[in-house]
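Okay, structure first, notes after.
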Amino acid sequence: MLDRRFIVENAELVKRNCANRGARIDVDRFVELEQSRKARLIEVEELNHKANEVSKSIGKAKDQAERESRKEQGRQLRQQTQDAQAKLDSVAAELDELLRQIPNLSHPDSPIGADDKSNLELFRGKTPLPEFDFQPLDHVELAEKLDLVDFEAGANVAGHGFYFLKNDAVLLELALQRYAIETLMGEGFTPVTTPDLARNEILAGIGFIPRGPETQIYSVENTDLSLIATAEITLGGMLAGQTLDAESLPKQLCGISHCFRTEAGAHGRATRGLYRVHQFTKIEMFVFTLPEESDAMLDRLREIECRLFDGLEIPYRVVDTATGDLGGPAYRKFDLEAWMPGRGEFGEVTSASNCTDYQARRLNIRYRVKGEKGTRFLHTLNGTAIAVSRALIALLENHQQADGSIIIPEALRSWMGKERIAGWPR
RNA sequence: GGAUGGGUGGCCGAGUGGUCUAAGGCGGCGGUCUUGAAAACCGCUGUGGGCGAGAGUCCACCGGGGGUUCGAAUCCCUCCCCAUCCGCCA
């Protein structure tokens, strides 16, 4: 969320930003409520002050009669305080509701537009689009012929959108994880495996809405826990409530987790195969930085993603995400979209965001500069290293051969233990 | 899951209803002394917020939330977390 005072002092800017992002928020109402909140806060503080004075005087009162009269005075003041506090609370609650809906500011270079149609292609990866001298198959057909994925069993066990990986697909998943982790460790990231569940409070701090008809989140009945949609949630939550020394930044984590998504309302749209599934494994980067370093760090995350996909020899394009497609927390977002021959189009495989202090303010993560008074909110960034299910699609479809085999890119061979998934006679 | 003991400032730790304005120590910062340093001594040293041009002043904060009371770190309820033991278990 944004700083309250900033919103009041920059109401026009915030309004314009909300419009660019397609967020319908009554910013004027917010400003009005914030002013009212301050007035009520002053009232409560003054009453508290008076009541504190009275309470202190009781201990020093000289006789019983005086004590009793002061007590009565105290009772009245406390009653008034309570009434004033109730008014303050109700204003604050409405204000907070609004505040949480206001999206982050946007980077001046982010393309302005209502949705992903306005996303701006920046450049392409090193690998050219494949040219097949045979009719290429999509990953679902390939997986079936090579016995790599069992969608039917997944559906029987857990429903549509679930699947079993089998045989070389399992080795590929492990190889992809190892490849990503080794690369990131080389970049100074600390590898972690994270819980696959988190408290709803943490989900909300990162910017997810755990309940409601539109939610992407599976929640666990009779608890305040949800299945995580990304390790961003747990990695960001790892330091919730903490104040770090500036010298300890940046803190770079990479987490392996499963990701669970209900995909509510997504039916009928790209639901074939592994593209839009309810569960997948993902290696995620998460970074806590100083504010002045977050822009450069976002570029770095994007570069790492490019290196990972160049290494996998998968063609992709890099996209600068339009304001209307940024979601709530992101200030700027770059996606990598891999070429997927089966779909005949590019499909999102990674996403890197600079969330500036938006998540840090919600999660109360601060830093302290040696010799300076007070603390400030740090910046958080996240980026996909490898989302296994979508990386699998791109790998299988781009590296398929005329004989039905799949060539394993050089970078994965040592982890995979082979250079080819054997095919079948076409 | 059950039992017991805990959670206090950057860290350790005292504090069981009213000068708590949270003792004391460690660490940190500044000073005295010294050629310099150490030691010793002296002083300062939390976070968030309100009002104020500022000096300053007020409010809140002792794991989170709620309650009792004129008054809560202290009493009550509840949740979370930590430690130890028991049970279950890969």
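Chain A is the first sequence line, chain B the second, and so forth, proteins listed ahead of strands; every chain is numbered from 1.
When the P atom is compared between B/C11 and B/C59, the two are found 26 Å apart, to the nearest whole Å. For the C1' atoms, the distance linking B/A14 with B/A22 amounts to 9 Å, nearest Å. B/C81 and B/G31 have their C1' atoms separated by 43 Å, given to the nearest Å. A distance of about 23 Å separates the P atoms of B/G54 and B/A60, rounded to the whole Å. A distance of about 47 Å separates the C1' atoms of B/G17 and B/C89, rounded to the whole Å. Going from the P atom of B/G18 to that of B/U74 covers 12 Å, rounded to whole Å. A gap of 16 Å separates the P atoms of B/C58 and B/U45, to the nearest Å. For the C1' atom pair drawn from B/U47 and B/G66, the interatomic distance equals 23 Å after rounding to whole Å.
Pair assignment for B/U84: B/A3, on the basis of Watson-Crick or G-U wobble contacts that are both within less than 3.5 Å. Pair check for B/C51 finds B/G56; Watson-Crick or G-U wobble, both atom distances under 3.5 Å. Summarising the base pairing, B/C70 is matched to B/G18 through a Watson-Crick or G-U wobble pair whose two defining distances lie under 3.5 Å. Remark: B/C44 base-pairs with B/G28. Criterion, Watson-Crick or G-U wobble with two distances under 3.5 Å. Pair assignment for B/A38: none, as no Watson-Crick or G-U wobble contacts are both less than 3.5 Å.
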- Task: Using a 4.0 Å heavy-atom cut-off, write out nucleotides 51-75 of chain B from 5' to 3' as B (base contacted by protein), S (sugar-phosphate only) or - (no contact).
- Result: S------SBS---------BS----

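Among the atoms of the strands shown, none is found under 4.0 Å from any heavy atom of A/Arg4.
Panel note: side chain A/Glu94, backbone A/Val91; no donor-acceptor pair is recorded below 3.5 Å. Judged by distance alone, the side chain of A/Asn104 and the main-chain N or O of A/Cys355 form a donor-acceptor pair under 3.5 Å. Looking only at distances, no side-chain donor or acceptor of A/Ser248 sits under 3.5 Å from a matching main-chain atom of A/Leu244. For the pair A/Asp224 (side chain) and A/Arg199 (backbone), a donor-acceptor distance under 3.5 Å is absent.
Comparing A/Arg37 and A/Lys373 against RNA chain B, the residue whose closest nucleotide sits nearer the 5' end is A/Lys373. Where A/Arg199 and A/Asp3 each meet RNA chain B at their nearest nucleotide, the meeting point lying more 5' is that of A/Asp3.
In this structure, A/Asp245 has no side-chain hydrogen bond (donor to acceptor under 3.5 Å, both in side chains) partners at least two apart in sequence or on a different chain. Under the side-chain hydrogen bond (donor to acceptor under 3.5 Å, both in side chains) criterion, A/Asn382 pairs with A/Glu232, not counting sequence neighbours. Legend: residues meeting side-chain contact (heavy atoms from CB on, under 4.5 Å) with A/Gln279, ordered by chain and number and at least two apart, are A/Phe162, A/His258, A/Phe260. A search for side-chain hydrogen bond (donor to acceptor under 3.5 Å, both in side chains) contacts involving A/Asn156 returns nothing, not counting sequence neighbours.
Taking the six-membered ring where the residue is Trp, A/Phe151 and A/Tyr163 present tilted rings, their angle falling between 30° and 60°.
With rounding to whole Å, A/Gln35 atom CD is found 18 Å from B/G49 atom P. Rounded to whole Å, atom C1' of B/G50 lies 14 Å from atom CD of A/Gln85. Computed from coordinates, the A/Asn200 CG to B/C79 P distance equals 18 Å when rounded to whole Å.
Within residues 226-247 of chain A, no residue has any heavy atom closer than 4.0 Å to RNA chain B.
Within the 4.0 Å cut-off from OP1 or OP2 of B/G48, not a single side-chain nitrogen or oxygen of A/Arg361 is found.
Comparing B/C81, B/G50, B/U47 by their closest approach to the side chain of A/Arg368 singles out B/U47.
Side-chain N/O atoms of A/Arg362 and A/Asn364 include no donor and acceptor closer than 3.5 Å.
In this structure, A/Arg390 forms no cation-pi arrangement with A/Phe280, as its terminal cationic atom is not both closer than 6.0 Å to the ring centre and no more than 45° off the ring axis.
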